[in-house]
Amino acid sequence: VEGRRAVLELLRAGRRRVRSVLLSGDAERDEVLDEIAELAGPSLRVANAEKVKAAARTDAHQGVVASAQPLQAADVDELLDADDAFLVALDGVTDPQNLGAVMRTAASAGATGIVLPRHRAVHVTPTVAKAAAGAIEHLPIAVVPGLPTALTRARELGVWSVGLDARADRSIFDVEVVTDPVLVVLGAEGAGLGRLTRQRCDVVAAIPLRGPLDSLNVSAAAAVACFEVARRRLG
């Protein structure tokens with residue numbers, strides 16, 4: 001886990017054991033680094049910039065790299081069966097920056113979990129953790145063999161599946177069921193939702209676009225959809 005915000009949230013959450021926190025002695029100190037140093041306690045190691053760079057897996061470690069126990073996968077049935085279920089599922093998203101950004105957005109909008117297919121999809125990597133800015137420490141992640149099967153299970157448990165598709169006739173702003181337990185499903189850019197995934201969604205809706213472009217980045221689409229769910233639930 002690397003990057004100031006990601007490491008800080010790792011330490012704040014306290015959900016998994018932190019083995020070490022490597023901090024560059026050359027890094028410009030700020031309130032975030034000071035809190036990291038305080039929370040890290042005996043696991044803190046101060047090293048030169050080259051040693052921190054060698055330990056990092058991205059070019060944006062911001063002078064701090066932590067090593068921790070692996071994340072534990074969540075049970076998809078437990079996530080779906082929660083009374084306040086508000087989940088986000090990604091179908092065929094392979095860009096780690098996009099996954100990280102979607103996770104950060106989902107956590108900020110109050111989502112209760114994220115669902116990822118096991119195959120043909122990106123999972124949590126150092127790049128994802130950095131882009132998620134700590135969201136991986138707070139947002140349960142379920143990995144399922146296939147998304148269509150998970151959508152069928154969602155229906156059995158009374159959770160609405162709302163797929164986003166630019167070709168849909170219905171607007172995401174007109175979908176009433178988002179105040180109930182809901183699973184928002186987004187596809188990869190270009191390909192969109194897979195055929196079977198789209199068929200298994202209870203509702204398929206689009207984000208109305210007013211300009212000359214015909215699509216949004218998946219993380220931007222997730223932001224619109226997630227905060228529409230949050231707005232409706234607050235309403």
Side-chain angles (χ1 to χ4, degrees), residues 74-93 98-117 121 132 135 138-144 146-235:
D75 182 85
V76 69
D77 275 14
E78 290 183 7
L79 296 182
L80 290 168
D81 208 26
D83 291 338
D84 62 344
F86 167 18
L87 308 177
V88 176
L90 298 181
D91 184 22
V93 173
N98 278 337
L99 174 57
V102 169
M103 293 184 69
R104 183 176 186 177
T105 291
S108 299
T112 57
I114 190 161
V115 181
L116 303 174
H138 303 283
L139 191 67
I141 306 167
V143 179
V144 297
L147 207 50
T149 302
L151 299 186
T152 298
R153 184 61 177 153
R155 183 176 297 169
E156 293 170 352
L157 294 173
V159 178
W160 291 90
S161 297
V162 178
L164 260 65
D165 190 318
R167 300 165 296 172
D169 297 327
R170 189 172 186 177
S171 167
I172 187 64
F173 304 125
D174 298 329
V175 177
E176 301 292 341
V177 299
V178 295
T179 56
D180 296 329
V182 67
L183 173 60
V184 177
V185 190
L186 299 108
E189 292 179 62
L193 296 176
R195 179 185 59 82
L196 200 54
T197 298
R198 193 181 195 277
Q199 289 176 354
R200 298 282 175 90
C201 289
D202 299 304
V203 179
V204 180
I207 296 173
L209 301 178
R210 305 302 185 204
L213 303 182
D214 61 1
S215 67
L216 290 174
N217 173 278
V218 65
S219 62
V224 174
C226 286
F227 279 97
E228 175 60 11
V229 174
R231 184 188 71 83
R232 286 292 189 85
R233 292 187 167 206
L234 286 171

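Numbering starts at 1 and runs along the sequence shown. Everything numeric here is computed off the predicted structure, so don't read it as measured data.
- Applying the side-chain hydrogen bond (donor to acceptor under 3.5 Å, both in side chains) criterion to Arg167, with sequence neighbours excluded, gives Asp165.
- For Thr152, the side-chain hydrogen bond (donor to acceptor under 3.5 Å, both in side chains) partners are Arg200, not counting sequence neighbours.
- For Arg155, the salt bridge (charged side-chain N to carboxylate O under 4.0 Å, His left out) partners two or more places apart in sequence, or in a different chain, are Asp202.
- Taking Ala154 as the reference, Leu80, Val159, Ser161, Leu183 meet the side-chain contact (heavy atoms from CB on, under 4.5 Å) condition, with sequence neighbours excluded.
- In terms of heavy atoms, Ala106 sits closest to Val88 at CB-CG2, 4.0 Å.
- The side-chain hydrogen bond (donor to acceptor under 3.5 Å, both in side chains) search around Arg170 returns none, not counting sequence neighbours.
- Of all heavy-atom pairs spanning Leu147 and Ala89, the tightest one is CD1-CB, 3.9 Å.
- For the side-chain hydrogen bond (donor to acceptor under 3.5 Å, both in side chains) condition, the pairs that include at least one residue of residues 76-90, sequence neighbours left out, are Asp77-Arg153.
- The main-chain N or O of Val102 is never found under 3.5 Å from a side-chain atom of Ser219 such that the two would form a donor-acceptor pair.
- In this structure, the separation between CG on Leu90 and CG on Leu193 is 10.5 Å, given to the nearest 0.5 Å.
- Heavy-atom minimum distance, Val182 versus Arg233: CG1-NH2, 3.5 Å.
- The two atoms that bring Leu213 and Leu209 nearest to each other are O-CD1, 3.8 Å, heavy atoms only.
- For the pair Cys201 and Leu151, the tightest heavy-atom approach, listed with the atom from each and the gap, is SG-CD1, 4.0 Å.
- Contact detail for Ala188 and Gly92: the closest heavy-atom pair is CB-O, 3.2 Å.
- Shown here are the side-chain hydrogen bond (donor to acceptor under 3.5 Å, both in side chains) partners of Thr197, two or more places apart in sequence or in another chain: Asp91.
- Partners of Ala220 according to the side-chain contact (heavy atoms from CB on, under 4.5 Å) rule, which considers only residues two or more places apart in sequence or in another chain, are Leu216, Asn217.
- Contacts of Arg231 classified as side-chain contact (heavy atoms from CB on, under 4.5 Å), with partners at least two apart in sequence or in another chain: Glu228.
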Do Val115 and Val144 pass the side chain to side chain contact (heavy atoms under 4.5 Å, CB included) test, and can you show the C-alpha distance, the side-chain angles, and the key distance before you say yes or no?
CA-CA 7 Å; Val115 181; Val144 297; 3.9 Å; yes

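- For residues 100-115, there are no salt bridge (charged side-chain N to carboxylate O under 4.0 Å, His left out) pairs, not counting sequence neighbours.
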Run the side-chain donor-acceptor check on residues 171-178: report pairs under 3.5 Å with partners two or more places apart or on a different chain.
unit_1: Ser171; atom_1: OG; unit_2: Phe173; atom_2: N; d: 3.0

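- Each of Ile114, Thr112, Leu87 was scored for a side-chain contact (heavy atoms from CB on, under 4.5 Å) with Leu139, with one residue passing: Ile114.
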